[in-house]
Amino acid sequence: MNLFADIHALVLTALAQMQSDGTLPADLDFSNVAVEPPRDALHGDMATNAAMVLAKAAKMKPRDIADALAIKLTADDRITSADVAGPGFLNLRLAPAVWLSIIPDALQAGNDFGRSQMGGGKKVNVEYVSANPTGPLHVGHTRGAVFGDALASLLDFAGYNVTREYVINDGGSQINTLARSVYLRYLEAHGREVSFPDGVYPGDYLIPVGQALKDKVGDAYIDQPEAVWLEEIRNYATDAMMDLIRADLALLGVKMDRFFSEKSLYSTGKIEACLEMLKKKGLVYQGVLEPPKGKAPDDWESREQTLFKSTDYGDDIDRAVMKSDGSWTYFAPDIAYHYDKLQRGYDELILILGADHSGYVKRMKAIVSALSENTVPLDVKLCQLVKLYKNGQPFKMSKRAGTFVTLKDVVDRVGPDVTRFVMLTRKNDAPLDFDFDKVLDQSKENPVFYVQYANARINSVLRKAKKAGMDVSDATLITADSSHITHDAELAVARKIAEWPRLLELAAKHNEPHRIAFYLYDLASDFHSLWNRGKEETDLRFLQEGEIATSQGKISLIRAVSVVISAGLGILGVTPMEEMR
RNA sequence: GGUCCCAUAGCUCAACUGGAUAGAGCACCUGCCUUCUAAGCAGGGGGUUGCAGGUUCGAGUCCUGCUGGGAUCACCA
């Protein structure tokens, strides 16, 4: 199903033959031999770097290897030509029938076309969003949510066993702030006059929470000290905020497999056990930190602390795990949390963070390295900021606390599909401009609509064919005769379709879902190009008057395009549109 | 000052992780609507990939040092 993998296997077989007949020496490393689409289509259909990669070890000239390899490869009937070019590239051309064979494959697999076994069922944990449960999600969280969710789907599609996870920071002191803020709203619901000092959350979203609390407990907490209500309201408010956050995520179509409560680590002795274990390894110790390199803070004072030896694993300084009052820092439960993840048997951990957390990457990697003894990789993906615009002008957010642009604001305005696609049209580590007007623009400048429009056009042809009484069911199209598909513009589309399984694996390998968005744009472009050529070259139209077999063959090609668009959008979490009138 | 990220066409961004003559879109110029959706297509001009070295068959990509921009910087999570 992956033509590039097929030809790669063919090249390796040919190289092995060259070894056994003495053309090449016996002990060679083929792991760097690649078969890729060439940058320039004029060079051919596929190119291999085998000759250049092996030249040094084989003590031969690249071109000599390439010449010999070319002879082997052209013996295979899938290869129509193999030309040596440049410093030793071997450019291959494949028989059109080979490319066209991808069409029934795609139609047969449907939305599973491109699904890969690459992951081999390995368990991967993707942690994303993990916003503090103190309010609704805002735009910054939105990008992380979309990225993490699409990445999780991508890995699932690539054959990994994926868990989508959200850790609730419900143990820290910010929850006390939340509880006090809710208490004020509770008093307010009772008709009390209240003011909101600095350091509490003044947002309107807590008003209904205070009201609901009043409905639940009546006047039980009025004029009572914190000792009476703090713990109760902490729990109540955290639950309310998580309901809010789950509802926000649902607006985007994001559904977590697991919500992990940080607080659950506190009462169970898990933190203590985990740190004790590290202490036995000499990785937790009492010590004094050096002042930071470079400019020391004005109020620097050296003090003895309980430290985790993250410098053993590449961090810049060791990190404190306990405060001077004896309570844990945020870092201690984080260590225990990742220990918990590892105990659940994950082969790989992925963590999605906002760019403002870049300073935590080294210590997180240090934790995972230390706890797993370097057996489990952690990949941290940082999502850069989203800059909001409205009609080209920066969208002003009021600095008054509580009036930020929320995820709900964005999704209500442009819809979940547009939000998701646009958020994935940039690499995660590049800043993203999000213009409320431009993302709704219905033109090719807007990749969302360009891709959707291609799919809509294809479905339009299918409808028209059906209306004309033609059988265009997938079952029929799978067996359609594609021998009339000979034009370069048509074969270009078939080649692009054939790239999909390979692209998917590359995107999964590098944890980069944005590659799918760019690929779909390219595929749509090849399709639109073909469509338009049909205006002048009537042979290229998909519906050929009175020639049912030919029409079905051509329609099978574009139906395969539609299949890939659906599969690709499915991974991104975007619903394909069948009609756009 | 330390650490991390970024710098590619006038603008917004790609470049399959070291491959060939660095590609798209926007903007600009020239064409294409009695046609399966012109919400589109074809063609043209536009580049010392921030600067200086290095590694090798080969560098936008890797290494070193600069310049400029962003983020972050000892018990707040």
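Since we're looking at a predicted model, the values are computed, not measured. Any value given below was found using the heavy atoms of this structure, including those in side chains, with hydrogens, waters and symmetry copies removed. Every chain is numbered from 1 and lettered A, B, ... according to where its sequence line falls, protein lines coming before strand lines.
For B:U17, the base adopts the syn conformation, since its glycosidic angle falls within 90 degrees of zero.
Counting non-hydrogen atoms under 4.0 angstrom, A:A34 reaches nothing in the nucleic acid. Among the protein residues, A:A47 comes within range of the nucleic acid bases, having at least one heavy atom under 4.0 Å from a base atom. Residue A:L289 is in sugar-phosphate contact alone, with no base atom involved, counting any heavy-atom pair closer than 4.0 Å across all strands shown. Heavy atoms of A:W531 sit under 4.0 angstrom from at least one base atom. Contact annotation for A:A85: base contact, defined as any heavy-atom pair under 4.0 Å involving a base atom. Among the atoms of the strands shown, base atoms are found under 4.0 Å from some heavy atom of A:R515. A:S529 comes within 4.0 angstrom of sugar-phosphate atoms only, judged by non-hydrogen atoms across all strands, and of no base. Among the atoms of the strands shown, none is found under 4.0 Å from any heavy atom of A:R319. At the heavy-atom level, A:P431 lies under 4.0 Å from the strands shown only through sugar-phosphate atoms. Here A:N91 lies in heavy-atom contact (under 4.0 Å) with a base. Backbone-only engagement by A:K427 is indicated by non-hydrogen atom pairs under 4.0 Å involving sugar-phosphate atoms exclusively. Contact annotation for A:K535: base contact, defined as any heavy-atom pair under 4.0 Å involving a base atom. The residue A:E512 sits close to a base: some heavy atom pair falls under 4.0 Å. A:E262 comes within 4.0 angstrom of sugar-phosphate atoms only, judged by non-hydrogen atoms across all strands, and of no base.
Note on A:E499 versus A:R502: no salt bridge recorded, every NZ/NE/NH1/NH2 to OD/OE distance being 4.0 Å or above. A salt bridge is absent between A:R63 and A:D67: the closest approach of a Lys/Arg side-chain nitrogen to an acidic carboxylate oxygen does not fall below 4.0 angstrom.
Between the side chain of A:Y360 and the base of B:A77 there is at least one donor-acceptor pair of N/O atoms closer than 3.5 Å. Judged by distance alone with a 3.5 Å cut-off, no donor-acceptor contact links the side chain of A:S358 to the base of B:C5. Applying the 3.5 Å distance criterion, the base of B:C16 shares a donor-acceptor pair with the side chain of A:R502.
Without hydrogens or angle criteria, A:Q174 side chain to A:N169 main chain gives a donor-acceptor distance under 3.5 Å. Panel note: side chain A:H510, backbone A:E505; no donor-acceptor pair is recorded below 3.5 Å.
Checking the phosphate oxygens (OP1, OP2) of B:C41, a side-chain nitrogen or oxygen of A:Y450 falls inside 4.0 Å. Between A:K438 and B:U12 there is no side-chain N or O to OP1 or OP2 distance below 4.0 Å.
Comparing B:G45 with B:U56, their C1' atoms are spaced 36 Å from each other, to the whole Å. For the C1' atoms, the distance linking B:G46 with B:G40 amounts to 24 Å, nearest Å. Spacing of C1' atoms, B:U64 relative to B:A59, comes out at 15 Å, to the nearest Å. Taking atom P in both B:U21 and B:C16, the straight-line distance is 16 Å, to the nearest Å. Comparing the same atom, P, in B:C4 and in B:C76 gives a spacing of 24 Å after rounding to whole Å.
Counting only heavy atoms from C-beta on, A:Q442 has its side chain closest to B:A39 among B:C75, B:A39, B:C5. Nearest nucleotide to the A:P37 side chain, out of B:C16, B:A74, B:U37: B:C16. Closest to the A:Y521 side chain, of the nucleotides B:A24, B:G40, B:C13, is B:A24.
The nucleotide B:G25 finds its pairing partner in B:C11, both defining distances of the Watson-Crick or G-U wobble pair being shorter than 3.5 Å.
Rounded to an integer number of Å, the gap from A:K56 NZ to B:C57 P is 4 Å.
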